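Start at 1 with the first residue, then count along the sequence. Everything quoted here is computed from the prediction, not taken from an experiment.
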Amino acid sequence: MAQIYYLPTHEYIKVEGDTGFIGISEYAAKQLGAVTYVDMPEEGDELAAGEEFGAVESRKAASDLFSPVSGEVLEINEALVDDPKLINNAPLDAWIIKVKINDPEELKSLMDEAAYSDFCAKQH
């Protein structure tokens, strides 16, 4: 089963082996409202943990996206180009990019689901 980790900036990474699916959390999707545009990197781009890799825009706000891990972009979610609202419907299924994880040790600095849930509860 996939393990999911979170950044304090509300990105998640769903880990399957040495591959990660990165998107925004349900909490972030609710805060943004209807997503109107997703800015994504190119396939083959190298990401560094904590670095900006794109942005999500809604009618309410724009939010930069930060990478939870270092790695190479294997794929972008083309479905979001035509229908960015997929993120609102199912944030954990509507990943934004798929990456090859360079260093699994970086995952240890991220929050697991329980820690992230506690973190979100304290945001109000």
Side-chain angles (χ1 to χ4, degrees):
M1 194 169 129
Q3 190 72 30
I4 301 174
Y5 301 94
Y6 296 87
L7 279 171
T9 48
H10 305 290
E11 291 82 5
Y12 69 79
I13 182 165
K14 190 170 11 174
V15 179
E16 294 177 6
D18 66 350
T19 303
F21 296 85
I22 300 173
I24 64 169
S25 70
E26 199 167 314
Y27 178 90
K30 283 188 177 132
Q31 296 299 311
L32 276 171
V35 174
T36 55
Y37 177 73
V38 183
D39 180 33
M40 297 179 264
E42 301 284 320
E43 288 178 18
D45 283 0
E46 285 291 329
L47 304 179
E51 250 183 34
E52 188 182 321
F53 72 83
V56 176
E57 296 177 15
S58 70
R59 287 189 205 96
K60 283 202 241 173
S63 182
D64 291 334
L65 296 168
F66 297 92
S67 183
V69 295
S70 301
E72 179 188 349
V73 179
L74 298 173
E75 192 179 332
I76 62 167
N77 189 344
E78 296 283 352
L80 298 178
V81 174
D82 296 326
D83 193 3
K85 289 190 302 297
L86 290 170
I87 288 177
N88 297 104
N89 300 339
L92 288 175
D93 294 326
W95 51 271
I96 296 169
I97 58 173
K98 180 169 134 181
V99 299
K100 179 170 182 0
I101 299 168
N102 286 350
D103 183 4
E105 289 293 307
E106 291 176 340
L107 297 169
K108 292 179 179 174
S109 68
L110 304 174
M111 290 180 273
D112 63 14
E113 292 185 69
Y116 181 70
S117 183
D118 290 345
F119 175 79
C120 289
K122 294 175 182 148
Q123 296 296 302
H124 295 290

- prompt: Do Val35 and Ile87 touch side chain to side chain, with heavy atoms closer than 4.5 Å?
  reply: yes
query: So do the side chains of Asn77 and Phe21 get within less than 4.5 Å of each other, counting heavy atoms only?
result: no
task: Measure the shortest side-chain to side-chain distance between Met40 and Leu80 over non-hydrogen atoms and say whether it is less than 4.5 angstrom.
output: yes
- line: Closest non-hydrogen atoms of Lys60 and Lys30, given as atom of the first, atom of the second and distance, are NZ-O, 4.2 Å
Asn88 versus Gly33, closest heavy-atom pair with distance: ND2-O, 2.7 Å
- request: Taking all non-hydrogen atoms of both residues into account, name the closest pair between Gly17 and Val15 and its distance.
  value: O-CG1, 3.5 Å
- prompt: Any chain of hydrophobic side-chain contacts (each under 4.5 Å) joining Ile76 to Leu74?
  reply: no
message: Would you say that Ile101 contacts Thr19 through its side chain, given a criterion of any heavy-atom pair below 4.5 Å between the two side chains?
response: no
query: Atom NZ of Lys100 and atom CD of Glu75: how far apart are they, to the nearest 0.5 Å?
result: 15.0 Å
message: Could you check whether any side-chain heavy atom of Val56 comes within less than 4.5 Å of a side-chain heavy atom of Ile96, counting everything from C-beta outward?
response: yes
message: Any non-hydrogen side-chain atom of Thr9 less than 4.5 Å from a side-chain atom of Leu65?
response: no
message: For a quick test of reading the model, state the closest non-hydrogen atom pair linking Ser70 to Ala49 and the distance between them.
response: OG-N, 3.0 Å
- line: Applying ring-ring contact (aromatic ring centres under 6.0 Å, His included) to Tyr6 and not counting sequence neighbours gives Tyr116
- line: Value for CD (Gln3) from CD (Glu16), rounded to nearest 0.5 Å, stands at 11.5 Å
Partner of Glu46 under side-chain contact (heavy atoms from CB on, under 4.5 Å), chosen from Val99, Asn102, Val73: Asn102
query: Measuring from Asp112:CG to Asp118:CG, what's the distance to the nearest 0.5 Å?
result: 9.0 Å
statement: Here the gap from Lys108 atom NZ to Tyr5 atom OH, rounded to the nearest 0.5 Å, amounts to 9.5 Å
query: Are the side chains of Ser67 and Ile22 in touch, meaning some heavy atoms are under 4.5 Å apart?
result: yes
message: Quick check for you: to the nearest 0.5 Å, what is the distance between Asp64 atom CG and Glu51 atom CD?
response: 12.0 Å
message: Can you give me the closest heavy-atom contact between Ile24 and Tyr12, atom names plus distance?
response: O-CE2, 3.2 Å
field: Atom of Asp93, atom of Lys14 and distance for their closest heavy-atom approach
entry: OD1-NZ, 4.2 Å
- prompt: Are any non-hydrogen side-chain atoms of Pro104 and Asp18 less than 4.5 angstrom apart?
  reply: no
query: In Å, rounded to the nearest 0.5 Å, how long is the span from OG of Ser25 to CD of Gln31?
result: 8.5 Å
Exceeds 12 heavy-atom contacts within 6.0 angstrom, atom CD of Glu57: yes
message: Under 6.0 Å between ring centres: does that hold for His10 and Phe66?
response: no
Full working for side chain to side chain contact (heavy atoms under 4.5 Å, CB included) between Leu47 and Val69: CA-CA 7 Å; Leu47 304 179; Val69 295; over 6 Å; no
